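Structure record follows, encoded as structure tokens.
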Amino acid sequence: MRNPLADKVTGIKPSGIRKFFDIVSERKDAISLGVGEPDFDTPWHIRDEGIYSLEKGKTFYTSNAGLKELREEICRYLQRKQGLVYDPLKEVVVTVGGSEAIDIGLRAMVNPGDEVLIPQPSYVSYEPCAVLAGAVPVIINLKAENEFRLTARELEEAVTDRTKILILPFPNNPTGAIMERRDLEAIAEVAVKRDLFVLSDEIYAELSYKEKHVSIAQMPGMKERTILINGFSKAYAMTGWRLGYACGPANILEQMTKIHQFAIMCAPTTSQYAAVEALRNGDEDVAEMCRAYNQRRRFLLNAFREMNLPCFEPFGAFYVFPCIKEFGMSSDDFATRFLDEENVAVVPGTAFGECGEGFLRISYAYSVEKLKIAMGRLERFVGRLREEQGKRQP
Amino acid sequence: MLREELLAVIEKNSRIDLKELAVLLGIQEAEAVEELEALEREGVICGYHTLIDWEKTSNEKVTALIEVRVTPQRGQGFDKIAERIYRYPEVRSVYLISGGYDLMVILEGKSLKEISAFVSDKLSTLDTVLSTATHFILRKYKDHGTVMARKKEDEREMITP
């Protein structure tokens with residue numbers, strides 16, 4: 001029999017987070033700080049609206065690009081939050097999570113051999129999606145000393161004549177890094193000069209703890225070369241509803257919608273009705289969850305300070321990214337031993353790119369009570385490692 | 001804003017220690033102490049009570065909601081009559097209500113008998129009370145924003161990425 005599989009697919013290595021999760025799920029009393037999904041339930045009024053839509057018999061497909069009502073609400077939301085004006089009829093597509101938007105965005109824009117710039121550490125899907133789209137992924141290694149922000153210089157150095165797209169994943173998973181207005185201005189300048197398109201993954205936009213999130217699409221000359229991706233999973237705790245969206249220039253959105261139409265038809269109808277309610281009446285829920293995340297963020301940073309574990313202050317998403325280089329072991333070894341000895345699962349930074357070596361991703365989508373227990377164990381573990389080190393170097 | 005956030009935290013957990021409270025809010029411990037003292041002084045914080053599900057104990061308790069219609073008194077409105085009612089220790093809460101009746105009284109007693117005795121002997125006999133309607137609580141599902149049923153486990157499944 002012939003090999004049934006495509007080389008392009010088999011060549012993609014499996015996600016690095018998987019391994020730990022497999023071990024964690026076997027252990028009953030393990031505390032996992034590995035999950036990248038809110039611990040809150042979807043606010044009740046949003047769920048209720050989904051249920052109500054079912055009661056009313058709204059069980060048909062929506063139009064391919066999504067309910068018109070929802071697209072209008074998305075545009076109102078982006079205008080209200082970021083001052084961005086999009087045409088709900090031509091410049092928006094509602095997708096199955098932000099993930100689908102990333103996939104179809106790349107597929108709609110990339111020709112074989114085009115280079116796609118991917119800053120890392122970052123979400124693990126960009127690289128495989130770029131490969132599947134036929135692009136050549138080019139990694140930009142972000143640096144701890146820049147608080148894992150992308151600098152214009154790093155971008156400039158990575159651009160070649162074949163570069164077409166820059167993926168901009170901020171607020172960032174796994175580092176929690178954000179890009180502020182001045183950071184984005186510098187990036188925008190290079191993007192315009194080098195004629196790059198930007199796929200801006202802003203799924204964590206609402207979870208910004210310093211100032212209001214700023215999109216690169218707000219920078220001069222950028223709206224016409226930016227695909228803005230966002231969704232409902234993180235801000236409204238709606239992961240299971242699988243709903244996201246992309247906004248951008250009509251000519252690109254038309255092609256993205258074409259792929260979406262042939263591969264997916266439309267995003268789930270029930271979720272779309274619930275999302276309309278989320279955008280209309282969900283601001284207070286978002287603010288409340290955001291306050292809770294921010295408290296946990298402060299709690300973890302304080303815990304790291306107390307155990308002398310270096311960690312830059314992240315201002316976005318729900319992750320912290322402490323540095324463990326002092327222990328002279330790989331992130332993977334550290335995470336494995338920590339799980340073995342203290343029964344706490346964290347994700348090694350290397351799961352998000354090689355430059356994540358020496359770091360851990362810790363999610364704070366967990367209650368303070370749980371974080372407190374986990375930090376107690378981390379402190380004990382770190383103390384033990386330091387003691388071992390002391391013995392080795394008398 | 002800080003005040004509201006502090007209140008929201010301790011409303012959910014009044015036993016939180018001061019150091020942790022300060023960390024969560026991103027302020028100094030001394031600042032948290034000062035703010036708490038001010039809130040107590042101003043009567044914003046009226047107490048640090050514990051939410052108890054008495055049903056799970058052997059201590060039997062009966063709670064009743066009593067709708068009370070009264071004649072307001074000249075110059076004192078409802079305040080005087082409310083005071084006469086809330087002075088009874090078995091009265092847990094008294095609210096002035098808009099709509100079909102005037103005062104909502106929440107009463108706690110050891111038995112139905114005890115509560116009916118209170119209503120017939122003490123409450124109904126007050127001059128200004130026109131009528132009462134007593135509703136016994138059969139089950140508390142949620143109280144003070146807290147669902148009384150057992151907490152559910154973390155149901156998030158393992159998923160990558």
Side-chain angles (χ1 to χ4, degrees), chain A residues 14-26 31-32 34-41 99 102 122-129 173-174 209 237 239-240 287-288 291-303 305-306 313 345 347 351-352 363 365-372, chain B residues 1-36 38-39 44-45 48-53 56 139-161:
Chain A
S15 162
I17 318 177
R18 186 82 246 169
K19 186 179 116 192
F20 284 91
F21 281 6
D22 287 343
I23 307 171
V24 179
S25 55
E26 283 164 21
I31 295 185
S32 163
V35 177
E37 110 176 82
D39 56 322
F40 300 102
D41 292 335
S99 334
I102 296 163
S122 61
Y123 182 56
V124 297
S125 290
Y126 305 127
E127 204 177 332
C129 283
N173 168 13
Y209 310 107
T239 46
E288 202 176 305
R291 273 195 291 276
Y293 289 131
N294 198 6
Q295 290 172 6
R296 300 164 181 185
R297 184 184 70 95
R298 294 188 190 116
F299 176 83
L300 287 183
L301 288 173
N302 183 66
R305 251 195 311 274
E306 286 186 344
E313 182 169 3
V347 183
F352 308 93
S363 156
Y366 295 92
S367 66
V368 171
E369 288 67 44
K370 218 165 192 183
L371 294 176
K372 206 183 286 179
Chain B
M1 202 56 213
L2 170 70
R3 259 191 164 199
E4 278 70 34
E5 193 174 353
L6 184 151
L7 288 170
V9 172
I10 61 166
E11 192 180 24
K12 286 207 182 100
N13 178 13
S14 60
R15 294 184 67 209
I16 189 168
D17 72 54
L18 288 167
K19 182 170 166 284
E20 187 183 328
L21 179 66
V23 167
L24 293 187
L25 300 174
I27 56 176
Q28 295 301 312
E29 198 176 327
E31 228 177 305
V33 173
E34 206 173 288
E35 192 63 38
L36 275 175
L39 286 162
V44 178
I45 295 176
Y48 298 89
H49 299 81
T50 306
L51 183 61
I52 298 169
D53 188 356
K56 295 197 180 97
R139 175 175 280 175
K140 266 187 206 170
Y141 290 104
K142 190 178 181 183
D143 201 2
H144 287 77
T146 303
V147 177
M148 310 305 264
R150 233 168 231 292
K151 277 190 196 119
K152 69 172 193 187
E153 298 280 306
D154 192 339
E155 288 172 344
R156 288 175 287 176
E157 297 197 351
M158 297 302 168
I159 181 168
T160 50

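By convention in this document, chain letters (A, B, ...) are assigned in the order of the sequence lines, proteins followed by strands, and residues within each chain are numbered from 1. If you're wondering where the values come from, they're calculated on a predicted model, not measured in any experiment.
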Revision key, fill the gap. Bottom line for E155(B): the part with an atom under 4.5 Å from chain A's heavy atoms is neither
Check your understanding: Quick one: does D154(B)'s side chain get under 4.5 Å of K370(A)'s, heavy atoms only?
Key -> yes
Check your understanding: What do you reckon, is CD of E29(B) surrounded by more than 12 foreign heavy atoms closer than 6.0 Å?
Key -> yes
Review point. Taking R298(A) for the side chain and V23(B) for the main chain, is one N or O donor matched with an acceptor at less than 3.5 Å?
Key: no
**Study point:** Structural part of A303(A) lying under 4.5 Å from a heavy atom of chain B
**Key:** neither
Review point. Does CD in Q28(B) sit with more than 12 non-hydrogen atoms of other residues, nucleotides or ligands closer than 6.0 Å?
Key: no
Practice item. Mind ranking L25(B), N13(B), V9(B) by heavy-atom pairs under 4.5 Å with chain A and telling me who comes out on top? Key: L25(B)
Check your understanding: Donor-acceptor pair, R291(A) side chain versus E5(B) backbone, under 3.5 Å?
Key -> no
Exercise for review: Tell me, yes or no, whether the heavy-atom count around K142(B) atom NZ, taken from other residues, nucleotides or ligands under 6.0 Å, exceeds 12.
Suggested key: no
Exercise for review: Evaluate whether atom CD of E313(A) has more than 12 neighbouring non-hydrogen atoms of other residues, nucleotides or ligands under 6.0 angstrom away.
Suggested key: yes
Review point. Is it true that atom OH of Y141(B) has more than 12 heavy atoms of other residues, nucleotides or ligands lying nearer than 6.0 Å?
Key: no
Point to revise | Within 6.0 Å of CD in E288(A), more than 12 heavy atoms from elsewhere | key: no
Exercise for review: Check whether D39(A) gets within reach of chain B through its side chain, its backbone, both or neither, counting any heavy atom under 4.5 Å.
Suggested key: both
Practice item. Kindly indicate, with the supporting measurements, whether the criterion side-chain contact (heavy atoms from CB on, under 4.5 Å) is fulfilled by V368(A) and E20(B). Key: CA-CA 10 Å; V368(A) 171; E20(B) 187 183 328; 3.3 Å; yes
Check your understanding: Which region of P174(A), side chain (C-beta onward) or backbone (N, CA, C, O), has a non-hydrogen atom less than 4.5 Å from a non-hydrogen atom of chain B, or is it both or neither?
Key -> neither
